[in-house]
A.B. asks: 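Dropping the structure in here first, questions after.
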Number of protein chains: 2
Amino acid sequence: MHASLSVASDPRLPIYRQLSDLLRSRIEQGHWAPGSRIPPESELAEQTGAALGTVRRAIEVLVDDGLLTRQQGRGTFVRKADFSNSLFRFFRMTGEDGALLMPQGRILARRLAPLPAAVAERLSLRPGAEGLCLDRLRLVGDKPALLECIWLEAGRFAALAELPLEDFGDLLYPLYERACGAVVARATELLTVGSAGAVTAERLGIAPGAAVVVVDRLAYGYDGRPMEWRRSWGAADKFAYSIEIR
Amino acid sequence: MHASLSVASDPRLPIYRQLSDLLRSRIEQGHWAPGSRIPPESELAEQTGAALGTVRRAIEVLVDDGLLTRQQGRGTFVRKADFSNSLFRFFRMTGEDGALLMPQGRILARRLAPLPAAVAERLSLRPGAEGLCLDRLRLVGDKPALLECIWLEAGRFAALAELPLEDFGDLLYPLYERACGAVVARATELLTVGSAGAVTAERLGIAPGAAVVVVDRLAYGYDGRPMEWRRSWGAADKFAYSIEIR
DNA sequence: GAGTGGTCTAGACCACCGC
DNA sequence: CGGTGGTCTAGACCACTCT
């Protein structure tokens with residue numbers, strides 16, 4: 001095929017696959033910024049020498065992967081991940097009256113310290129590398145809902161080490177983007193159940209030893225590399241998660 | 001379009017949508033049995049008057065929905081749902097050495113009784129309708145792992161009321177199919193965390209009041225109607241579930 | 001080799017968006 | 001109105017499975 005297709009993609013793969021790999025790499029390398037519009041299908045077809053239907057199929061792959069979204073009449077856009085409610089999806093986050101409430105975030109503590117070995121491994125960093133650790137409380141309607149322990153690479157997130165704690169705001173990921181140019185594309189989570197230690201229980205306002213749901217999250221950037229590790233604790237009696245299986 | 005398309009499908013919808021609705025209804029009405037092969041795309045195209053590409057797209061919808069699977073060179077098949085491990089996906093089901101173990105099933109009790117109101121509602125049956133209730137223990141390596149309470153419509157599953165308890169085997173869904181001709185297509189599950197009552201704790205071999213994960217499942221047949229409701233309890237310390245979010 | 005799904009093309013027209 | 005994605009067609013050729 002054309003030159004623009006042969007950029008380090010296995011030529012035995014179907015063209016639409018090679019094309020989607022090409023587009024994916026452009027997105028991951030920041031060639032097209034998150035939220036921005038990519039060129040129209042017709043233009044991509046012309047540039048790559050593929051038929052329009054083939055370009056459409058390549059885009060379809062990335063839409064299914066959650067990297068792009070299409071909007072009829074407007075264009076195709078690099079998707080900005082929206083994690084504003086993702087952790088709270090597992091928990092009931094309504095007030096007394098059942099209304100949805102916007103969770104607040106409050107940084108309890110911040111410190112620079114070597115990354116624990118397990119965290120360093122998950123972040124693909126060398127053990128003992130300098131890390132930035134945040135203790136954070138999330139509240140729904142002024143009541144503690146989640147306690148979070150967050151680890152970041154100190155160098156990349158140096159700006160957060162200086163920022164006044166009051167300026168962190170309720171959402172961290174937009175802050176990462178504003179202050180450090182780090183954009184979260186996706187994340188994996190592991191849910192388990194444990195029991196609250198004394199400190200955790202006190203901060204969450206529950207009885208020591210009470211059951212808590214523990215969510216370990218590893219967040220990745222558009223380059224596919226891990227960026228943030230966090231562990232969250234929430235009262236188990238507030239936990240609910242529904243799923244469809246087939 | 002052609003007559004075969006206009007079978008009660010909104011004509012304003014795209015043809016591929018109407019077609020997938022048509023195929024879906026045929027599957028749900030048992031026109032093509034689970035596991036069997038549907039006619040080749042070329043034949044469907046000819047019969048319906050649609051282009052091959054349009055038929056392919058309609059099939060694609062159902063493949064994405066999990067109703068069909070394609071096999072290159074062989075054909076397209078009505079998918080048989082395989083729930084053999086679905087409940088255990090949330091739990092660690094390995095032995096001491098980490099090897100995967102086949103869970104066993106043991107019926108503890110069986111009785112005919114009016115469906116509880118909440119169960120009847122979920123099964124879309126009238127309150128007080130006769131139900132068949134099974135108490136079941138699932139074991140991994142001879143150790144209790146899950147306790148289940150299962151409700152079925154008594155009429156449809158009459159064969160199970162007579163069957164010796166030893167003949168139920170380790171998996172219920174294949175039994176439903178063999179004995180009652182009822183095939184499960186999909187299910188929804190709701191996970192919450194609770195604490196074990198005296199009886200539950202004793203049967204699971206855990207301390208009374210210990211945290212348990214509760215899974216409520218509603219299983220549907222190919223006709224889209226609910227068929228079985230079950231609630232399962234498992235020790236929370238064995239619970240683990242991972243998910244990818246974006 | 002016959003039959004099936006998988007890929008690809010070239011071109012047409014429609015539906016929606018924003019100016 | 002022009003530009004975008006959404007649908008649809010008709011046909012070609014490839015890759016795999018089974019016999």
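Heavy-atom basis, side chains included; hydrogens, waters and symmetry copies ignored. Proteins get letters first, then strands, A, B, ... in listed order; numbering begins at 1 in each.
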A.B. asks: Has the side chain of A:Ser36 got a donor or acceptor atom that lies under 3.5 Å from a matching backbone atom of A:Trp32?
C.D. replies: no
A.B. asks: Begin from the C-alpha positions of A:Arg122 and A:Asp216 and carry the test salt bridge (Lys or Arg N to Asp or Glu O under 4.0 Å) through to its verdict.
C.D. replies: CA-CA 11 Å; A:Arg122 285 189 176 70; A:Asp216 286 353; 5.7 Å; no
A.B. asks: For DNA chain D, determine which residues of residues 68-76 of chain B have any heavy atom closer than 4.0 angstrom to one of its atoms, and list them numerically.
C.D. replies: B:Gln72, B:Gly73, B:Arg74
A.B. asks: Quick check on contacts: within residues 51-63 of chain B, what sits under 4.0 Å from DNA chain D by heavy-atom distance?
C.D. replies: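 B:Ala51, B:Thr54, B:Arg57, in order of number.
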A.B. asks: Could you pull out every donor-acceptor pair under 3.5 Å between side chains of residues 66-76 of chain B and any protein atom, sequence neighbours left out?
C.D. replies:
residue, atom, partner, partner atom, Å
B:Arg70, NH2, B:Glu41, OE2, 2.2

A.B. asks: Rounded to the nearest Å, what distance is computed from the CZ atom of residue A:Phe77 to the P atom of nucleotide C:dC17?
C.D. replies: 12 Å
A.B. asks: Any salt bridge between B:Lys80 and B:Glu177, counting N to O under 4.0 Å?
C.D. replies: yes
A.B. asks: Regarding B:Glu60 and B:Tyr16, is there a side-chain donor-to-acceptor distance under 3.5 Å anywhere?
C.D. replies: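 B:Glu60 vs B:Tyr16: no donor-acceptor pair found between side chains.
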A.B. asks: Tell me: CG of A:Leu13 to C1' of C:dG6, nearest whole Å?
C.D. replies: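 After rounding, the gap between these two atoms is 13 Å.
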A.B. asks: Taking B:Gln29's backbone N and O only, do any of them form a donor-acceptor pair with B:Asp223's side chain (distance below 3.5 Å, no angle check)?
C.D. replies: no
A.B. asks: What is the ring orientation for B:Phe239 with A:Phe239, classed by angle as parallel under 30°, tilted 30 to 60°, or perpendicular over 60°?
C.D. replies: perpendicular
A.B. asks: Within less than 4.0 Å of OP1 or OP2 of C:dT7, is there a side-chain N or O belonging to A:Tyr16?
C.D. replies: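 Affirmative; the distance criterion is met.
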A.B. asks: Are there more than 12 heavy atoms of other residues, nucleotides or ligands under 6.0 Å from atom CG of A:Asp167?
C.D. replies: yes
A.B. asks: When the distance from CD of B:Glu41 to P of D:dT9 is rounded to whole Å, what number comes out?
C.D. replies: 14 Å
A.B. asks: Which nucleotide wins on minimum distance to the side chain of A:Ile15, given the candidates D:dC8, D:dG5, C:dC8?
C.D. replies: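 Minimum distance to the A:Ile15 side chain belongs to C:dC8.
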A.B. asks: Return the value, rounded to whole Å, for the distance between atom CZ of A:Arg37 and atom P of D:dG3.
C.D. replies: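 To the nearest whole Å, that distance equals 11 Å.
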